[in-house]
A.B. asks: 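One structure, as structure tokens, below. Some questions next.
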Amino acid sequence: MPTAVLDGFLEATVRSATPLAFAALGELVAERSGVMNIGLEGAIAAGALAAFLGAQIAGPEIGFVAGGVAGALVAAVFAFFVLALRSQQIIVGAAVSMLGIGLSASIHRAMVSAGASTAQVQTLASLPVPGLSTLPVVGDALFAQPISTYLLYFLFPLTGWVLYHTVFGVALRATGERPLAVVAAGHSAAKIQLAALIFGGVLAGLGGATLVVAQTGTFSDGMSAGRGFIAIAIVALGRWTPRGVVVGVLVFGAVSALQFLAQAMAWNVPYTLVLASPYVLTLAAMAIFRGSRTAPAALGQPLDGGL
Amino acid sequence: MSLLRRLSAGVAPALVVLAAIAVVALVMMVTGFDPVAAARAAVRGAVGSEFALFSATLKRTTPLLMLGLAVAVAFRAGVLNIGADGQFLAGAAAACAFGLAVGDAVGRSVLLGALAVGILAGALWAGVAAWLKRRFNVMEVVSTLLLNFVALNLVGFLVRGPLQEPTGAYPASATLLSAARLPLLLDGQRLHVGFVFSVGLAIAAWWFFRSTAAGFQIRVTGASRTVAASAGRLDVDGVQMWSLVASGAIAGLAGACEVTGVTYALYEGLSPGYGYTAIATALLGGLNPLGIIMSAALFGALGAGADAMQRDAGVPAEFATVVTALVVLGVLAVPGVMKNWARITGRGEQ
């Protein structure tokens, strides 16, 4: 296999994986606190649009931050219904997905028809890490990236540390298993879930923002393209741990990068079947892994009245 | 139930819909569109002519009604089937494959065969999730969601491989022969017999839930698994599993009707997010089959109106998605709309 093709494949893997990594890490934290947010898709779409608008006004860095803010707002809507009204999580999530997708597409169309939108925005510059970026094979793919990708390299270990080595992290994981015990220990389960949901929203929004300010430089309707749902699959494939999520992100990223590889090598494979494979793999993984390596016990359950 | 209470049961959902439309009208004004022009175009496009009513609104109502019923059957049992889209595609793909393979060798029977195969495929697709739940305790929310993507990619494979149209130029199947097509209901209109099936199915489902033991078992299981298992000695896991399979069968029929009644061919974009609109349809109808007839007609009109709004008034059709989302949130926020399905709204089991 020519080096250029391999480089291209690895680069495409990291490119596909980046937005998924943001969204999946956020969903991981939310699910460990006991809430499944399938409204992530809406947060990604809103994050992408906010990043596009922010980048037009004040440059790609501000656009990136704006994406996170928009994601947090969408997650706040979700949190209000789930935590304040105790509505069913999955149904709220489906509605919030539609809300985020519908609103961002409508607002974008409105701006285009008012002539208030440029087609293309500046993207974040690639910042090669001296030394590391010249490593063979992986150098370019991992260490000649925009700052958003490097942010992930910090966020994953940091999130893992918070989840497993701080009081807050223990309380958060306990909320996902036995919210009553957390309340008995003097914490507020609802506040912990709120924090987890907002964190998840910010990350999903940043994931959407990377699509615009780190990759395409433009916004298009439906550009979230199911990534919010894929993030849920990744968390399940990763057995609800940060390390597992890294693996899951790379699996899904690599499979969508295979498209590049198949074209470059002129392989005649039924590509759509390859695309379906990580979902089948995830279903198989959910069936095979049992016992301690399954979902948080209280995942998807509403909090009781008093919590 | 007194007449007054029956009336008021219809008022709350109607208010939710009106409020959702009002909010979206406000958003339109803020974003620089004319909501009056949009509304005029939408009403004209949804009910303004015979063509609008039969070939746009009611044609769209058909899959929404069936999928709304499918979602409701599962929700009533306390099973969150969010994979109606995948089951719809499985039904459509199987019906289309069958119709193309048999051609007109057996006359009109091919149509019945195609519908039956579609029902079976939808049931099997949901059956995978039901089996994974029963055998391995895999959450149906995740499995049905994942199976949507598997179905979508499988359809992508079929329309680029075994089922691709003979010229090989488009990612779509060949066109079904007339023997495998559902008859049209009215001359010059696109409305097909599937609409009659969908209404008939709703009435049958209403009777099923009201008057049969199995319907009662589903309702009790959905209301409280604990009560159903202890007081009724029900095999609640079994009830939930078969409800999910039945839900998939109905969604499969919807897919089969869409491909034999509307598109006559299979392609990837067959469902423009019907599965999610179906959740809204089921909820707005109060998970009651007769209510779902009304809500499906409403969302059918909304979809038809949105297309006309974009075409004639230049207002993005995506605003309809926002209305749908707000309707669901409104239904969740207003307690009066929900009543007997507390478990699904998260207020039960406490």
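The chains referred to below are lettered A, B, ... by the order of the sequence lines, with proteins before strands, and numbering in each begins at 1.
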A.B. asks: Just give me the residue among B/Leu145, B/Val30, B/Ile82, B/Thr277 that pairs up with chain A most often, heavy atom to heavy atom, under 4.5 Å.
C.D. replies: B/Leu145
A.B. asks: Identify the residues of residues 306-315 of chain B whose heavy atoms come closer than 4.5 Å to a heavy atom of chain A, ordered by number, or report 'none'.
C.D. replies: B/Gln310
A.B. asks: Between A/Ile90 and chain B, with a heavy-atom cut-off of 4.5 Å, which part of the residue counts as in contact: side chain, backbone, both or neither?
C.D. replies: side chain
A.B. asks: With a 4.5 Å heavy-atom cut-off (strictly below), which parts of residues 125-134 of chain B touch chain A? List them by number.
C.D. replies: B/Leu132
A.B. asks: Side chain, backbone, both or neither: which part of B/Phe33 has an atom under 4.5 Å from a heavy atom of chain A?
C.D. replies: side chain
A.B. asks: Carefully, step by step, assess B/Asn153 and A/Thr272 under the rule side-chain hydrogen bond (donor to acceptor under 3.5 Å, both in side chains).
C.D. replies: CA-CA 5 Å; B/Asn153 285 313; A/Thr272 43; over 6 Å; no
A.B. asks: Contact part of B/Val24 toward chain A, heavy-atom cut-off under 4.5 Å: side chain, backbone, both or neither?
C.D. replies: neither
A.B. asks: To the nearest 0.5 Å, tell me how far A/His108 NE2 sits from A/Met223 CE.
C.D. replies: 9.5 Å
A.B. asks: Taking side chain as everything from C-beta outward and backbone as N, CA, C, O, which of these in A/Met111 sits under 4.5 Å from a heavy atom of chain B? Side chain, backbone, both or neither.
C.D. replies: neither
A.B. asks: side-chain hydrogen bond (donor to acceptor under 3.5 Å, both in side chains) for B/Gln87 and B/Asn81? Distances and angles first, verdict last.
C.D. replies: CA-CA 10 Å; B/Gln87 295 138 23; B/Asn81 178 12; 3.0 Å; yes
A.B. asks: Output the distance between atom CG (B/Leu80) and atom CD1 (A/Ile38), rounded to the nearest 0.5 Å.
C.D. replies: 9.0 Å
A.B. asks: About how many Å separate CD1 of A/Ile232 and CE of A/Met36, when rounded to the nearest 0.5 Å?
C.D. replies: 6.0 Å
A.B. asks: So which part of A/Ile101 gets closer than 4.5 Å to some heavy atom of chain B, the side chain, the backbone, both or neither?
C.D. replies: neither
A.B. asks: Check whether any side-chain heavy atom of A/Leu85 sits under 4.5 Å from a side-chain heavy atom of B/Leu332, and report yes or no.
C.D. replies: no
A.B. asks: With rounding to the nearest 0.5 Å, note down the distance linking CD in A/Glu31 to CG in A/Leu197.
C.D. replies: 10.5 Å
A.B. asks: I need the residue from A/Leu273, A/Leu103, A/Leu275, A/Val77 with the largest number of non-hydrogen atom pairs under 4.5 Å to chain B.
C.D. replies: A/Leu273
A.B. asks: In terms of side-chain geometry, is the basic nitrogen of B/Arg160 or B/Glu268 positioned less than 4.0 Å from the acidic oxygen of its partner?
C.D. replies: yes
A.B. asks: Which one, A/Ala276, A/Ala84, A/Gly300, leads in non-hydrogen pairs under 4.5 Å with chain B?
C.D. replies: A/Ala276
A.B. asks: Residues two or more places apart in sequence or in another chain: which of them pass ring-ring contact (aromatic ring centres under 6.0 Å, His included) with A/Tyr279?
C.D. replies: A/Phe252, B/Phe149
A.B. asks: Flag the pair A/Met286 / A/Leu237 as yes when at least one side-chain heavy-atom distance between them is below 4.5 Å, and no otherwise.
C.D. replies: no
A.B. asks: Pairs of donor and acceptor atoms involving the side chains of residues 317-331 of chain B, under 3.5 Å and at least two apart or interchain, shall be tabulated with distances.
C.D. replies:
from: B/Glu318; atom 1: OE2; to: A/Arg109; atom 2: NH2; distance (Å): 3.3
from: B/Thr321; atom 1: OG1; to: B/Glu318; atom 2: O; distance (Å): 3.4
from: B/Thr324; atom 1: OG1; to: B/Ala320; atom 2: O; distance (Å): 2.9

A.B. asks: Kindly compute the distance separating CG (A/Leu299) from CE (B/Met139), expressed to the nearest 0.5 Å.
C.D. replies: 4.5 Å
A.B. asks: Given side-chain hydrogen bond (donor to acceptor under 3.5 Å, both in side chains), test A/Gln193 with A/Ser33 step by step and report yes or no.
C.D. replies: CA-CA 6 Å; A/Gln193 291 190 337; A/Ser33 84; 4.7 Å; no
